[in-house]
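One structure is given here, and the rest of the page talks about it.
Numbers restart at 1 for each chain; the letters A, B, ... are given by sequence-line order, proteins then strands. Values in this document were obtained by computation on a predicted structure and should not be read as measured data.
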Amino acid sequence: MSEYKSDLLRLLAERGHIHQLTDAEGLDKLACEGIVVAYNGYDATAPSLHIGNLASVMLLRRLQQAGHKPIALMGGGTTKVGDPSGKDESRKLLTQDAIASNIAGISQVFHRLLDFSDSPTGAVMVNNDEWLSTLGYIDLLRTVGPHFTVNRMLTFDSVKLRLEREQPLTFLEFNYMILQAYDFRELALRHGCRLQLGGSDQWGNIVNGIELTRRMNGIELFGLTTPLLTTADGAKMGKSVNGAVWLNEEMLPSYDFWQYWRNVDDRDVVRFLKLFTDLPLDEIARLEALQGSEINAAKVVLANEVTRLVRGEEAARAAETTAAATFAGGGLGQDLPTFEVGPDGIGIIDALIGLGFAASRGEAKRLIAGGGARLDGTAITDEAYHITLASGEAKLSSGKKKHGILRIA
RNA sequence: GGACAGGUGGCCGAGUGGUUAAAGGCAGCAGACUGUAAAUCUGCCCGCGCAAGCGUACGCUAGUUCGAAUCUAGCCCUGUCCA
């Protein structure tokens, strides 16, 4: 691990970012010689990236920290096709408009985590729709087609898994790897990009790009993948109260974002500190020494640091203050979700639904019946209970972790 | 175009005429224990209703039947093999 000569690979290795490298020695050498231009692509399948993508964004950040140049590629073109990697089913096709607005949402986080200034290592954002959408079918077949054999394409996991499980793989999706390969070559020619980063499920796509460019242009490219992030209990990372842990504020309030990190498994804390924060390693080592319930302190640091990077200093502080007030103080913090109530108060069931703690009246009732609904800390077991809010506001909780404020409008 | 297999609740997967809102598992939610951790144990887990009950639901449509997820016909979709 420490035999790398370049700052880049040493940094990435010690932080736990490296899963596989196509040519460790070659890349190490390249990184020693000068600025490496590297890219990672993001398809516009949702209005925001989520935690599962954060490792790769951090990777671009590290790259820049080590004195190299990151390219954030928006997959405006590839999204129209759909990457079958790691999926059992094809996604439904997105409209042009949806893709455009998704790109607008996704691109936000890069401006927080990367420096887009006009310097030799300034980050660049490009959209592959720029070159993919104008490709002519016959042209593409003739230029790229001869370099791919179907025999080989069938051996890549993205394809093989579908076939083995007898799940449909459409011809549309089958072409994805070709387009991604084409992207890498295009970026190499246009921007001098030499390295593609990606999640471990992108290995096949990356290798294809490297081979295509070598055959067509004789340029040597490199690939690096990050480990697939799973939590210590084996699940894919990134589920929270209401689904995915989104990076954008509009998709997930910062308080909930903070809480996700505050609640990670003990066994994940150190790994996540290395991957998702800029904390120096000796600081992390100090936190790693904590035992038992002291680990909670490390989780707070993790939550603060990640929230600061992704959501900003202010959001991180507000979330921490709120958490301290509601959990340690037993009161209520101002950053909790709030539901406004009329002057007559509100029934407990409607209050639970209003705060999003229950999706239906039935669910709210079950929560109450199970003893999970609390008003200012005391369990409410009567589903007809009416909350009057004499003091103007009250804390309503679902279980011990989900809290919200009811307030007279 | 032909033969065969299949399409069940968020997912996996039983069920082949009523006792089935549909076994079991996973995921999820809550309770106990804890450290806002893990593991474990317990309860809940389509909607509305205080309830009896009602409404929806087993690819789609039309039938048979007192009664269908279960039978029939047509259609749509998927896989395997064949042309």
- Within less than 4.0 Å of OP1 or OP2 of B/G31, is there a side-chain N or O belonging to A/R374? yes
- Message: Strictly below 4.0 Å, N to O, side chains only: are A/R361 and A/D350 in salt-bridge contact?
- Response: yes
- Message: So, under a plain 3.5 Å distance rule, would you say the side chain of A/Q167 forms a donor-acceptor pair with the base of B/U78?
- Response: no
- Query: Out of A/Y42, A/Y39, A/F116, which residue meets the ring pair (Phe, Tyr, Trp, His ring centres under 6.0 Å) rule with A/F110?
  - Reply: A/Y42
- Query: Can a salt bridge be assigned to the pair A/R10 and A/E14 using a cut-off of 4.0 Å between side-chain N and carboxylate O?
  - Reply: no
- Item | Under 3.5 Å on both distances, the Watson-Crick or G-U partner of B/U20 | none
- Under 4.0 Å between a side-chain N or O of A/K365 and OP1 or OP2 of B/G49? yes
- The Watson-Crick or G-U wobble partner of B/A27, with both key distances under 3.5 Å, is none
- Note on the structure: From CD1 of A/I349 across to C1' of B/C48 the rounded distance in Å is 12 Å
- Task: Looking only at side-chain atoms of A/N296, point me to the closest of B/C50, B/G35, B/A38.
- Result: B/G35
- Message: Taking the side chain as everything from C-beta on, heavy atoms only, tell me whether A/V109 gets closer than 4.5 Å to A/N53.
- Response: no
- Provide, to the nearest angstrom, the distance between the CG atom belonging to A/N263 and the P atom belonging to B/G28. 14 Å
- Message: Heavy-atom count check: over 12 atoms from other residues, nucleotides or ligands less than 6.0 Å from A/E25 CD?
- Response: no
- Item | A/I295 side-chain proximity, nearest of B/U36, B/U34, B/G35 | B/G35
- Nearest-neighbour nucleotide for the A/K402 side chain, B/C29, B/C48, B/U36 considered: B/C29
- Query: Closer than 4.0 Å, any side-chain N/O of A/K400 to the OP1 or OP2 of B/C29?
  - Reply: no
- Phosphate OP1/OP2 of B/U36 contacted by A/T326 side-chain N/O (<4.0 Å): no
- Task: Nearest whole angstrom, please: distance from the C1' of B/U36 to the CH2 of A/W258.
- Result: 9 Å
- Output the single nucleotide from B/A37, B/U36, B/C48 whose closest atom is nearest the side chain of A/K299. B/A37
- Checking N1-N3 plus N6-O4 or O6-N4 for Watson-Crick, or N1-O2 and O6-N3 for wobble, each under 3.5 Å, the partner of B/C54 is B/G47
- Identify which nucleotide among B/C45, B/C50, B/A38 has an atom closest to any side-chain atom of A/D265, counting heavy atoms from C-beta outward. B/A38
- Taking atom P in both B/A22 and B/G47, what distance in whole Å separates the two? 14 Å
- Message: Taking 4.0 Å as the cut-off, does a side-chain nitrogen or oxygen of A/R361 come that near to OP1 or OP2 on B/G47?
- Response: no
